[in-house]
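Comments concern the structure below.
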Amino acid sequence: MAAKPDAELAALLEDALYNERKRLEKSKDESKAEHEVLERLARALVTDDRHGRIDAACELVGMWADEIHGRFEPKMYRFATRVLPRALTGLLSSKPSRFRDWDLSPDRRLKIHGDLDLLRQLCKESTLILVPTHLSNLDSPLIGLALHQAGLPPFVYGAGLNLFSNAIMGFFMHRLGAYTVDRTKQSLLYKDVLKDYSVRCLTTRHHSLFFPGGTRARSGAVETKLKKGLLGTGLVAWQEMLEAKRPDPDVYVVPLTLSSTLVLEAATLIDDHLAELGKQRYIITDDEFAEARMVASFGRRVLDLDASIVAHFGDPLDTLGNPVSKDPIERHAQAIERRRYVCDRDGLVQRDEQRDHMYTDRLAGEIAAAFPRGAHVLPTHIVAWVGWRSLELRTNSRDPFRLVRVPPEARRIPRAKFLERLGKVMEQVLVGAGAGRWHVDLPPSPSSVLDVAIDRFARFHKTRAVAAVGDDIVVEDPKLCMYYRNRLLFANPELNA
Amino acid sequence: MTRMKIGILGGGRWGQALARLAQAAGHDPLVAYRDKAEKPPHIIPSTNDPPRVAQECDLLIAATSASELRSAIKLARPGPGNRVIIAGRGIEPGSGLWLSQVVQEECDAVRIGALAGPAPVDEILNGGLCAGVVASPYAEVRALFTTGLHSTRYRVYESDDLAGVQLAGAFVPVLATLLGMATTLRGAGVGVHAMVVARGLEEGGRLAKAIGARPETLSGLAGVGDLMASQATTAHPNFQAGVALAKGDRSQGPRAIAETIVKLARASRVEMPLTEAMVEIWKGLDPLEAVQGLMSRKATKEHG
C-alpha cells in the first residue's frame, strides 16, 4: 500500500470501520479480537489520535494479512502432484467394479491446448499471471490439474473464504498455494491489502492466478466485463521490480479459456442469473458444490467422459495488453522497449495511478477479446443454442423471461427440423473456427452432435436441457438450455438457425 | 518552467501554426516535414527525418490530414515513450477507423489524445488568439499537451472524452458543408441556417451518446466552437464545398467522412437525417428535394 497523506488515510480507515461494523452485524461468528481492534480504531478516529490510529490500522491489516496469506508447502505440492491427478481421475471414474481397468491417465479427461513450450519458457524467465474464465468451483482443482499436465509450475491463487469451510479442501487449498479472499469484506482498505499481497507474491516470483470475471459466470457466457483490481497488480509488480533493478522484472498475462460439456452448478447459477436481472446474491454458499455427494456424482457421470473439459491457454500478453513475442531475441528487445511505457528518458519509473488504470483497462480489453478465441464449441453448447433458438422462433420473442415459461407442448421440435437447424448452425460455427475466431470439438454430423449432447444432458442434472422424446426433440428445461446456449453468445451475430 | 521539445508531424500550415503556439508557450518545436514544398520557414526548427522527431520528443503532435495520418505515423514510428496527439479530423476516410485507432494500428504508442476546436490557421500564424480542447483518457497526456501549448495566445481546455472530441472533429466539417449548401439554396434564409446548426448538433449528440461519448462535448470548443469558426467566414473550404454542392458540383467536401458517420449511426441505431440527406445529395439527390424530404418528416420531440 503506497504511503498516504493523513486525511486520505483517515478516510480509508473510516471506510474500513463502517464496512467492517456492517459486516460484523450480519455475521455472528466473528472473533472477539476483531471487535476489539475495531473499537480501538473507532476511538482513535474520534479522538484524532494519530499514533493510535496507525496502531489500530496496523493491527487490522495484520489480522487480514494473516487470514489472506497462503501457506504453500513444496512437500505437500510434490505429494499432491504425484498422487492427486491420478487419484482424482481414478476417483472420478465410473467403473468402480472394474478397479483394475481404470484408465488413470488424466489427459484423457482434460484436453489442453496452447503454446505450452512458450509458457514453460516464460515461467523460467518471468512471472506469469494466469487469467481463466470461471464457471464452477471445480475450476481451481481442474486448473491445478491442467497446469500439472502441461508441465507448468504451481500458481498461487485467491479463493473465496467459503471454499475453505470444508476442512480437507481448505487444508489442501492452503498448502497448494491458495490464499483467502473474503468477498464479504467490502472496505477499500481490505481490497488494498489483497492487492498488496498479490504484488508481494508477484515480486517474489510466484506465478499467480486471478479469475478476472471476479466470480463464476452466472449466465454461462464467456466473460466480457472483467474486474481490474487484482489484474492491475501485475503492472505494479513489474514497476516495483524495475525500480529494484531486478534482472527478471517481466510479468506476463496468460488468458485461459475453459470449456465444459456440463457445469456442476449450472442450475443454481442460471437461476441466480435470472434473479440478477433483478438482484444478484453474488456469493452463493448453498449450491451443488456445497454437497459432497453432488460433486462426487458430477465427477463420476461427467468428468469421466473423454474430453469433457477443454483448457485452452491463449497467447501471452504483457501487463498493458500487448502481445509477447515467441522469439527470445525479439522478446528481450520488447522487454527493454516496454519500459518506456512507465519510465522517463533516464530509465526512472514514473508512478502514475491514473495512467496505470488506463493500461489495465487496455489489458482487460485484450483478455476479454482473447477468451472467445480460446473457447471450444462443444455438442452441449451448440445443441442448446439450437434448442433456445427454436423457442425464440416458436414464440417470436427474445425475452428470456417469456422463453423460460414456454409451456411444455410448445417446446417440442420435430427431430428432422431440429437437425436441419443444427446443420446450419454447425456450418456457421465451422466458418468462425476456420477464421480463428474460436475452436470446435464436435462430431462430424449433426445427428451425432445431437446424440452426444442428449447423452451428456441426461448424465447429471435433475432435468435435461434438451432431450429426445419419440420423434421429437424437447427443450425439457429451458433455463438450463439458456445457460448452455449462453456459452456461444460471443458468436451471436454470426449464428442463425 | 522546463523547456520542452515538442515534435510536430507535418510541415503544412497547420503544423506551422502549432509550432508557433509551442514557441509562444516557451517551448521548442521540431517539425518533421516530408518534402521541400512542406519545409517550414527557418524560424521553426525542422527536419525531414521523422523518426528523429519521435526519438527526441516525448510529445508528438500529428498535424496532418486524416488521410495522411497513417503514412506520417508509419514514417515517424512513435514508440512506448511517446504521447501522440492527433490534430486531424477524427475519422480515417476509407477505413472508417477513428484516428486514435489508426495510430494504435501503426505504432507502439498507446498514450494517445486528440486536439479539436476552431483552427483558423491564418489567424494563428498572424498572432491571433484562439482556444482548443485536448482529449485523452490519460491525464498525463492532457497535462503534457497543456504545458506544451497553453499560453496567453492559445487557451487549452482538457477533456477525457476522446471519442466525443474525435466525433466532433469528424462531424463538424459535414455540418459546415451543409451550412454552406443551405445558405446558397433558393429560398433558404436565416431560419434554415439556425435549424441546421441546432438540429445538426442534436443529431451529433445522439450519436455521441450511442458510442459512449458525451453529448455535451458537441456543445464545447470541439463542436459549436469549431462550427462557428467554419461558418464565420464564407471562404472556409467546407463552407465553399457546400456552396459548390448547392450548384451541382459534387466533387468537393467531406463525403467519405459523412458516409462513415452514417454507417456508424446505422450500426448504433441512431437517426441522423441531416447527415443522411447530405450523403444522398453527394450521391445525386437534388438538394431541394432533400430539403423538402427533411421538412416533411413527422413532428417529434426536440431532445431524445
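Side chains included, hydrogens not; waters and symmetry mates left out as well; all remaining heavy atoms used. In what follows, chains carry the letters A, B, and so on, assigned in the order in which the sequence lines appear, proteins first and then strands, with residues in each chain numbered from 1.
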Whatever's closer than 4.5 Å to a heavy atom in chain B on Glu337(A) counts as both

- Message: With a 4.0 Å cut-off on N to O distance, would you call Asp344(A) and Arg339(A) a salt bridge?
- Response: no

Exercise. Hey, are Asp315(A) and Lys326(A) close enough for a salt bridge, meaning a charged N less than 4.0 Å from a carboxylate O?
Worked result: yes

(request) Return yes if a side-chain donor-acceptor contact under 3.5 Å exists between Glu392(A) and Ser397(A), otherwise no. (result) no

Tightest non-hydrogen contact, residues Ala19(B) and Pro29(B), listed as O-CG, 3.5 Å

Bottom line for Gln55(B): the part with an atom under 4.5 Å from chain A's heavy atoms is backbone

If one checks every heavy atom of Asp58(B) against chain A at 4.5 Å, the contacting part turns out to be both

